[in-house]
Asks: 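Submitted below is the structure of interest, expressed as structure tokens.
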Protein chains: 2
Amino acid sequence: MAIHEDVTVLSIGGLSKRTGVNLETVRYYENIGIMPKPPRSAAGHRRYDEEHLKRLTFVKRSRELGFTLKEVRALLALVDGGDYSCGEVHELTLNHLHEVRQKIADLQRLEATLADISDQCADGTIPDCPFIETLFRA
Amino acid sequence: MAIHEDVTVLSIGGLSKRTGVNLETVRYYENIGIMPKPPRSAAGHRRYDEEHLKRLTFVKRSRELGFTLKEVRALLALVDGGDYSCGEVHELTLNHLHEVRQKIADLQRLEATLADISDQCADGTIPDCPFIETLFRA
DNA sequence: CCTACATCCTGTAGTTACTACAGGCACAAG
DNA sequence: CTTGTGCCTGTAGTAACTACAGGATGTAGG
């Protein structure tokens, strides 16, 4: 391997390392059309450039923010179109934010229930565990 | 259909309605061994009783509390064994509670980031959406 | 008793977002 | 020249269901 890999020409492994996206996932993104098919070397190896790097970073960040791949596609479509307004992006984000808040609320209710019941059987010696009893009730 | 279906003998549809568990899911649970194979009628239709009803309710409640099927299996194993102590159940529950709290924390960080960036592009007229810009940065 | 129509049967494939091989070619260092 | 690493394709596995396809059965009304 060259000591200084050209930043503008990356192998799939290089791209994977730079973005932190699993190598197999990069190929997966290509298969499902999230990432474009890159040019190939003579031997058929994928060659990526700055644009690919930017795009994959975008995808990774979006995923980290909890956007589904479908939502990522929508965001990319806006970006690819070039004529996106901040408003469109804002709407997608608000929708997502709403879902996230919903999930948080659900989990918090769940947490309360679990903590509650769990307290009741903190003492490991009780024979008829109240938690189990609760689970049997609708 | 009989007007008063015998409570102690349920068809798969009846069990599904009583528990709120999707009919296909009931069969799925049987396939993967979460629910036992029930006796069949002459024509091969599944016949369920009170025990099945209790068990499926247990599974449903557990799933609603966010336990994975693997965890549900563990809980059922304790119950089936009969000699479970409250302590064992408590441990499983605490582990799960820990995961739930972790998820909540993750989502809250995510929520903050989303809300933050989304505020920046509340005005739909800005051309270079700061959110999109953020996504392009690692 | 016959005809609808709901319900049941099995088995397979689709969903989300990856991850993990299997089996094989390519290339560079020592 | 061998060894090791990286890359290739294509398929199968993961969680927890859901959705058919294609066919048999059960039941209620006329």
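Worth knowing before you read on, the calculation uses all heavy atoms, side chains too, and leaves out hydrogens, waters and symmetry mates. Letters go in sequence order (proteins before strands), and every chain restarts at 1. The structure displayed is predicted, hence computed values, not measured ones.
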Asks: To the nearest Å, how far apart are R46(B) CZ and dA24(D) P?
Replies: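 Whole-Å distance recorded here is 17 Å.
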Asks: Does D49(B) form a salt bridge (charged side-chain N to carboxylate O under 4.0 Å, His left out) with K54(B)? I'd like the steps, not just the answer.
Replies: CA-CA 9 Å; D49(B) 61 20; K54(B) 277 182 65 183; over 6 Å; no
Asks: Once you round it to whole Å, what is the distance between C1' of dC8(C) and NE2 of H45(B)?
Replies: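 The answer, rounded to whole Å, is 4 Å.
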Asks: Whole angstroms only, please: what is the CE-P distance between M35(B) and dA16(D)?
Replies: 17 Å
Asks: Between protein and nucleotides 11-20 of chain C, map the contacts as a letter string: B base, S sugar-phosphate only, - none, heavy atoms under 4.0 Å, written 5' to 3'.
Replies: ------BBSB
Asks: Please check this pair: side chain of H96(B) against backbone of L65(B), looking for a donor-acceptor N/O pair closer than 3.5 Å.
Replies: yes
Asks: Specify the closest pair of heavy atoms between R63(B) and T68(B), including all atoms of both residues, with the distance to one decimal.
Replies: NH1-CA, 3.8 Å
Asks: Answer yes if the side chains of H45(B) and S11(B) hold a donor-acceptor pair under 3.5 Å, and no otherwise.
Replies: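 Checked: H45(B)/S11(B) side chains show no N/O donor-acceptor pair below 3.5 Å.
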Asks: Assign I32(B) to base, sugar-phosphate, or nothing according to its heavy-atom contacts below 4.0 angstrom with the strands shown.
Replies: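 Result for I32(B) = nothing.
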Asks: Just how far, in rounded Å, is C1' of dT10(C) from CZ of R40(B)?
Replies: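 Value for this atom pair: 9 Å.
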Asks: Which whole-number value in Å describes the distance from R47(B) CZ to dT7(C) P?
Replies: 13 Å
Asks: How close do G66(A) and E71(A) get, heavy atom to heavy atom, and via which atoms?
Replies: O-OE1, 4.2 Å
Asks: What is the distance from NZ of K37(B) to C1' of dT10(C), rounded to the nearest Å?
Replies: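 Value for this atom pair: 12 Å.
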Asks: Are the side chain of T25(B) and the backbone N or O of V21(B) linked by a donor-acceptor pair below 3.5 Å?
Replies: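 A pair under 3.5 Å: no.
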Asks: Round to a whole Å and report the spacing from CD1 of I12(A) to C1' of dA26(C).
Replies: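 I12(A) atom CD1 is separated from dA26(C) atom C1' by 15 Å.
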